[in-house]
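Heads up: numbering here begins at 1 and tracks the sequence. This is a predicted model, so every value here is computed, not measured.
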Amino acid sequence: QVRLAESGGGSVQAGGSLRLSCTASGYIFRTYCMAWFRQAPGKEREGVANIDNVARTQYAESVKGRFTISRDNDKNTLYLEMNNLQPSDTGMYYCARATGSGGSCYAALDPGGFRYWGQGAQVTVSS
């Protein structure tokens, strides 16, 4: 059974930093594209970053230069390092596993390409 569990959310002031973690189980972690998404109240879920099986990454324009996605295949864990956080970054952050195996992030940051989701971690940034 595939399970994804996020941790590390919290509240910070603008300009601060947080690191999210996502621990995966129930499948061969290293063989799948993984991604982070976020959803603010009243808004649609949007892709933040993804990472394929050889650690190639893609980022949403809004987070480029501030966020870094990484993975530790030995620990079955996905990370999102978030720096210079802004109030617009506030939302629930979800980690997700791509639907298909093979490792490539063919779906880019389209939520439709990701089948399994964690329960979410809240990030709140105050001005």
Side-chain angles (χ1 to χ4, degrees):
Q1 184 175 2
V2 175
R3 293 185 184 275
L4 301 172
E6 300 94 339
S7 60
S11 297
V12 296
Q13 291 190 325
S17 298
L18 285 172
R19 187 174 84 154
L20 301 179
S21 299
C22 171
T23 302
S25 61
Y27 69 101
I28 303 173
F29 179 74
R30 67 179 68 245
T31 64
Y32 283 87
C33 166
M34 298 293 297
W36 288 99
F37 291 80
R38 67 186 180 187
Q39 189 166 18
K43 294 188 176 181
E44 292 186 356
R45 190 168 297 188
E46 64 171 350
V48 174
N50 68 34
I51 184 168
D52 69 9
N53 63 326
V54 292
R56 289 174 297 200
T57 59
Q58 294 179 291
Y59 294 92
E61 285 296 325
S62 59
V63 306
K64 279 184 179 179
R66 300 188 298 122
F67 290 13
T68 302
I69 188 172
S70 62
R71 64 193 299 163
D72 185 332
N73 290 334
D74 292 331
K75 295 182 178 179
N76 289 351
T77 302
L78 178 73
Y79 302 100
L80 185 68
E81 185 75 34
M82 304 182 290
N83 297 313
N84 191 21
L85 282 159
Q86 300 300 313
S88 57
D89 296 315
T90 294
M92 190 70 77
Y93 282 69
Y94 301 89
C95 68
R97 196 207 83 177
T99 301
S101 62
S104 66
C105 291
Y106 62 90
L109 293 174
D110 178 359
F114 294 82
R115 178 175 181 181
Y116 294 98
W117 298 80
Q119 81 286 353
Q122 178 67 38
V123 172
T124 302
V125 185
S126 58
S127 58

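Pairing each heavy atom of Ser126 with each of Pro87, the nearest pair is C-CG, 4.4 Å. Nearest heavy atom pair, residue Gly47 against residue Ala60, reads O-CB, 3.4 Å. Between Tyr59 and Thr57 the shortest heavy-atom distance is CE1-OG1, 3.5 Å. Closest approach of Ser104 and Cys33 over heavy atoms only: O-CB, 3.5 Å.
For Glu6 (side chain) and Gln119 (main-chain N/O), a donor-acceptor pair under 3.5 Å exists by modelled atom type. Of the possible polar contacts, none joining the Asp72 side chain to the Thr77 backbone as a donor-acceptor pair under 3.5 Å is found. Arg71 contributes no side-chain N or O that, together with a main-chain N or O of Val54, makes up a donor-acceptor pair within less than 3.5 Å.
When side chains are defined from C-beta on, Arg97 counts as touching Val2, because their heavy atoms get closer than 4.5 Å. Taking 4.5 Å as the limit, some side-chain heavy atom of Phe67 sits within range of a side-chain heavy atom of Leu85. Two residues are said to be in side-chain contact when any heavy atoms from C-beta on lie closer than 4.5 Å; Arg66 and Asp89 meet this criterion. Using a 4.5 Å cut-off on side-chain heavy atoms (C-beta onward), Leu4 and Met34 make contact. At least one side-chain heavy atom of Thr90 sits less than 4.5 Å from a side-chain heavy atom of Gln122.
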Cut-off 3.5 Å, no hydrogens considered: what does the side-chain donor-acceptor table look like for residues 14-23, sequence neighbours left out?
unit_1	atom_1	unit_2	atom_2	d
Ser17	OG	Asn83	OD1	2.9

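To the nearest 0.5 angstrom, Asn76 atom CG is 10.0 Å from Ile28 atom CD1. Ser62 OG to Gln86 CD: the interatomic distance, rounded to the nearest 0.5 Å, is 11.5 Å. Atom CD of Glu44 is separated from atom CD of Gln39 by 8.5 Å, given to the nearest 0.5 angstrom. In this structure, CG in Asn50 is found 11.0 Å from CG in Asp110, a value given to the nearest 0.5 Å.
Hydrophobic clustering, defined by side-chain heavy atoms of Ile, Leu, Val, Met, Phe, Trp and Tyr closer than 4.5 Å, groups Phe114 together with Phe37, Met92, Tyr94, Trp117.
Following chains of ILVMFWY side-chain contacts shorter than 4.5 Å, one cannot reach Leu109 starting from Tyr32, and the two form parts of different hydrophobic clusters. When the side chains of ILVMFWY residues are joined at heavy-atom separations under 4.5 Å, either directly or via intervening members, Val63 and Val12 end up in a single hydrophobic cluster. Hydrophobic cluster membership differs between Ile51 and Tyr79, with clusters built from Ile, Leu, Val, Met, Phe, Trp and Tyr side chains linked at under 4.5 angstrom.
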